[in-house]
Amino acid sequence: MANKITSRSENYSEWYNDLVKAADLAEHSSVRGCMVIKPYGYAIWEKMQAQLDKMFKETGHQNAYFPLLIPKSFLSKEAQHVDGFAKECAVVTHHRLKNSPDGKGVIVDPEAKLEEELIIRPTSETIIWNTYRDWIQSYRDLPLLINQWANVMRWELRTRLFLRTAEFLWQEGHTAHATAEEAIAETKQMLEVYATFAEEFMAIPVIKGVKSENERFAGALDTYCIEAMMQDGKALQAGTSHFLGQNFAKAFDVMFSTKENKQEYVWATSWGVSTRLMGALVMTHSDDDGLVLPPALAPIQVVMVPIYKTDEEYDLIVGKLNDLASALKIAGVTVKVDSDRQKKPGWKFAEWELKGVPVRIALGPRDLEQGNIEMARRDTKEKASLPIEGIVDKIAREVLPSIQSNLHQRALEMRNSRTYRADTYAEFKEILEQKGGFILAHWDGTPETEQKIKEETKATIRCIPLDSPSESGTCIYTGKPSERRVLFAEAY
RNA sequence: CGGGGUGUAGCGCAGCCCGGUAGCGCGCUUCGUUCGGGACGAAGAGGUCGUAGGUUCGAAUCCUGCCACCCCGACCA
């Protein structure tokens, strides 16, 4: 094996790092905490972007772009917001370099100090709401539905490829509305968009819910989220949608005239998903042999490997594969014919498995004689010899959709088998220590109790699931009354 | 921010304890043979040993400072 991957059972975290590098998704850069997203990884991100962008536009949003740099004073206008982000901001203080006196390299020119420092955006609420003040005068300007694809920077003390990097790529939607009801509806709508995207395209089952006060976005009245379970039983927040109330409108003085010509503050939402979704994709489906990609997001859905000995055979077989590839492309399938003559078939099989290509086709003289072709599925590792006749249709209509739904099903079963109900604190702790996973339990609704549980067990409330039925019970920690179970887990 | 680790060829590492002018595997280049699960042979190319200073006739190796990155923990809207 050229690229050896630590097995999941041996060390899940090492497996993840090995896999991200071996599958050529990303690598560490020479900048602390910042990664280089490699072409294959970026291609997956582009597929995600394309789909999400389409869904945003279908729900009436437009893209725009705001500055990377935010004046320091903006950040402090919303008190909770600055509290949440102050500790992880990169700050621009100067605008010029000059040759150092000793002639070795350059230094920051002390004379080029900025009047006001600029913050590299950790998120764009402040710069955007400062801009919205000029864009919104009347109820006729509302709703304002904007999305931005951008990079942001949060000076994280501990980083991990895709899951938590100092700089990451994301989209952030920022909308403005005339009423609270409309803003709340928008918040929920975007949560649905994220959930649909996760389930149908990423094949990741998610739990929709509301964050507790402790976990809420800094400056939001409510944070809605989707939570997914990774293979090690830990939770990963896969997307958030915030109802911001009038907090930012008040901080940035964004008012509009109603039909009755009264001045009112605007209601806001923001919502985002990031390259962290790449980490979720890896940790939901992949195995010890490498990446496993859902067809909907695979940059290459079908790879074809020719088997041959002579030049004549090579020409014949690659020609045949090219024909099949053309037919598949017409059927809407993305294909690569791996016609590299330097690499042997065995090498290619291993390589494309590592990269998670959903379907692999191999064609050799033996198959050709019998009118057959070998097809292998990445999800189940099944290999089958099938008639060439009808193979295009079978792959496009049957196999790829089947892989997509199988991955989702498998992930759902994994999650279900590791979701528990706990009625006592002892039970709760035992599940966390011995099994890990999601725990549905009663909670008294106070931040203090949540904090205590977190300190003692590392588990936090991932969300209050939207679909959790009301059920009276008592808090596992304090014994106080509770009306519904909430979702606890250790989180990434 | 606390603890640990690592910086030597594109990548992964050995050499350091015990100082003598740098080596292995993969990859790369050329040629030939191979090709149904990570082929083989031959010939090549490639290194300011993180950095600054010190000790010494001589430093990748010993000493001191600095820098960077990684891992574990705390933190993480």
Side-chain angles (χ1 to χ4, degrees), chain A residues 1-6 11 13-14 16-18 21-22 24 27-35 75 78 80-89 102 104-105 121-126 152 154-161 163-166 168 170 172 211-220 222-223 225 236-237 239-242 244 270-272 274 276 289-290 305-311 313-314 317-318 338-354 360-370 372-374 376 381 383 385 454-455 458 460 491-492:
Chain A
M1 283 289 274
N3 298 300
K4 205 165 140 254
I5 302 177
T6 307
N11 185 334
S13 155
E14 228 169 275
Y16 175 81
N17 283 331
D18 288 351
K21 286 176 211 155
D24 230 11
E27 64 189 22
H28 290 288
S29 70
S30 43
V31 182
R32 194 206 76 99
C34 296
M35 64 180 164
L75 213 66
E78 212 290 329
Q80 283 179 307
H81 190 67
V82 70
D83 270 358
F85 289 105
K87 281 182 280 185
E88 50 190 33
C89 288
D102 63 8
K104 295 177 188 167
R121 63 183 164 214
T123 179
S124 303
E125 272 79 4
T126 55
V152 288
R154 298 179 188 179
W155 208 265
E156 301 285 355
L157 297 174
R158 174 117 157 74
T159 59
R160 298 199 59 191
L161 292 172
L163 297 174
R164 179 169 286 108
T165 46
F168 56 92
W170 77 344
E172 45 182 328
K211 287 290 187 192
S212 63
E213 194 184 324
N214 281 354
E215 301 278 324
R216 194 179 290 155
F217 176 74
D222 259 323
T223 289
C225 62
L236 185 90
Q237 176 178 298
T240 48
S241 184
H242 315 290
L244 302 173
S270 69
W271 28 274
S274 71
R276 181 177 231 210
D289 295 320
V305 178
I307 315 285
Y308 56 91
K309 283 194 171 63
T310 64
D311 285 353
E313 280 175 354
Y314 177 84
I317 286 164
V318 169
D338 189 352
S339 54
D340 189 339
R341 300 200 66 158
Q342 306 308 313
K343 307 275 194 255
K344 288 179 65 181
W347 192 93
K348 294 177 182 175
F349 292 167
E351 181 66 13
W352 294 114
E353 259 161 33
L354 193 56
R360 186 186 70 232
I361 290 294
L363 184 68
R366 207 165 65 205
D367 301 303
L368 209 50
E369 233 170 72
Q370 300 163 351
N372 284 345
I373 199 160
E374 184 188 87
K381 294 285 185 64
K383 278 202 281 197
S385 190
K454 182 182 178 181
E455 282 162 17
K458 287 164 94 175
T460 49
Y492 271 100

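Lettering of chains follows the sequences in order, A, B, ..., and the numbering in each one begins at 1.
The side chain of A:Lys343 lies closest to B:C28 when the candidates are B:C28, B:C69, B:G37. Among the nucleotides B:G38, B:C71, B:C35, the one closest to the side chain of A:His28 is B:C71. Nearest to the side chain of A:Leu354, among B:C71, B:G37, B:G38, sits B:G38. Among the nucleotides B:G36, B:C76, B:G38, the one closest to any side-chain atom of A:Lys344 is B:G36. Listed candidates were B:G37, B:G36, B:A74. Nearest to the side chain of A:Pro345 is B:G36. With distances taken from any side-chain atom of A:Glu156 to the nucleotides B:C76, B:G38, B:C35, the minimum falls on B:C76. With distances taken from any side-chain atom of A:Arg360 to the nucleotides B:G37, B:C70, B:C28, the minimum falls on B:G37. Listed candidates were B:G37, B:G36, B:C28. Nearest to the side chain of A:Lys383 is B:G37. Counting only heavy atoms from C-beta on, A:Leu157 has its side chain closest to B:C1 among B:G38, B:C76, B:C1.
Other residues, nucleotides and ligands contribute only 12 or fewer heavy atoms inside 6.0 Å of the CD atom of A:Glu369.
Within 4.0 Å of A:Arg366, counting heavy atoms only, lies at least one base atom of the nucleic acid. Within the 4.0 angstrom heavy-atom criterion, no nucleotide atom of any strand lies near A:Gln80. Looking at heavy-atom distances under 4.0 Å, A:Asp367 makes contact with a base. Backbone-only contact: A:Thr159 has heavy atoms under 4.0 Å from sugar-phosphate atoms and none from a base. A:Gly33 comes within 4.0 angstrom of the backbone, heavy atoms only, and of no base. Using a 4.0 Å heavy-atom criterion, one finds that A:Thr123 contacts no nucleic acid atom at all. A:Pro122 comes within contact range of no nucleotide atom at all, as no heavy-atom separation falls under 4.0 Å. Base engagement by A:Phe168 is indicated by at least one non-hydrogen atom pair under 4.0 Å involving a base atom.
In this structure, the CG atom of A:Asp289 is 12 Å from the C1' atom of B:G38, given to the nearest Å. A:Arg160 has its CZ atom 16 Å from the C1' atom of B:C69, to the nearest Å. Per the geometry, CZ belonging to A:Phe349 stands 8 Å off P belonging to B:G36, to the nearest Å. The distance between atom CD of A:Gln237 and atom C1' of B:C75, rounded to the nearest whole Å, is 16 Å. Here the C1' atom of nucleotide B:C35 and the CG atom of A:Leu363 are 15 Å apart, to the nearest Å. Rounded to whole angstrom, the span from the NZ atom of A:Lys348 across to the C1' atom of B:A39 amounts to 13 Å. A:Asp338 has its CG atom 13 Å from the C1' atom of B:C35, to the nearest Å. Between A:Gln342 atom CD and B:C31 atom P there is a gap of 10 Å when expressed in whole angstrom units.
The gap from the C1' atom of B:G46 to that of B:U29 amounts to 11 Å, rounded to the nearest Å. Atom name C1', nucleotides B:U8 and B:C69: the rounded distance is 16 Å, in whole Å. Separation of the C1' atoms belonging to B:C40 and B:C26 is 16 Å when rounded to the nearest angstrom. Annotation: B:U6 and B:G50 have their P atoms spaced 13 Å apart (nearest Å). When the P atom is compared between B:G44 and B:C49, the two are found 26 Å apart, to the nearest whole Å. For the P atoms, the distance linking B:A43 with B:G4 amounts to 48 Å, nearest Å. The separation of B:G73 from B:C13, taken at their C1' atoms, amounts to 28 Å, rounded to a whole angstrom. Here the separation of B:C35 from B:G41, taken at their C1' atoms, is 16 Å to the nearest Å.
As the counterpart of B:C1, B:G73 is assigned, both hydrogen-bonding distances of the Watson-Crick or G-U wobble pattern falling under 3.5 Å. When both distances must be under 3.5 Å, the Watson-Crick or G-U wobble mate of B:G58 does not exist. When Watson-Crick and G-U wobble pairs are counted only if both distances are under 3.5 Å, B:G23 pairs with B:C13. Nucleotide B:G53: paired with B:C63 (Watson-Crick or G-U wobble, both distances less than 3.5 Å). Pairing for B:G32 is with B:C40, a Watson-Crick or G-U wobble pair whose two hydrogen-bonding atom distances lie under 3.5 Å.
Atom NZ of residue A:Lys343 and atom CD of residue A:Glu351 lie 8.5 Å apart, to the nearest 0.5 angstrom. Rounded to the nearest 0.5 Å, atoms NZ (A:Lys344) and CD (A:Gln342) are 13.0 Å apart.
Figure legend: A:Arg360 and A:Phe349 shown as a cation-pi pair, the cationic atom lying under 6.0 angstrom from the six-membered ring centre and within 45 degrees of its axis.
A side-chain contact (heavy atoms from CB on, under 4.5 Å) with A:Ile317 is found for one member of A:Leu368, A:Asp367, A:Ile307 and no other, namely A:Leu368. Just one of A:Ser270, A:Cys225, A:Ser274 meets the side-chain contact (heavy atoms from CB on, under 4.5 Å) condition when paired with A:Thr240; it is A:Cys225. Only one option out of A:Glu313, A:Lys309, A:Gln370 pairs with A:Pro365 in a side-chain contact (heavy atoms from CB on, under 4.5 Å); it is A:Glu313.
Sequence order on RNA chain B of the closest nucleotides to A:Lys21 and A:Arg341 puts A:Arg341 first from the 5' end. Both A:Phe85 and A:Ser30 sit near RNA chain B, but only A:Ser30 has its closest nucleotide nearer the 5' end.
Phosphate contact (OP1/OP2 of B:C76, side-chain N/O of A:Lys454, threshold under 4.0 Å): present.
The closest side-chain heavy-atom distance from A:Tyr314 to A:Ser339 is below 4.5 Å.
Contact annotation: side chain of A:Arg164 to base of B:C76, donor-acceptor pair present below 3.5 Å.
Using cut-offs of 30° and 60° on the angle between ring planes, the pair A:His242 and A:Phe217 is parallel.
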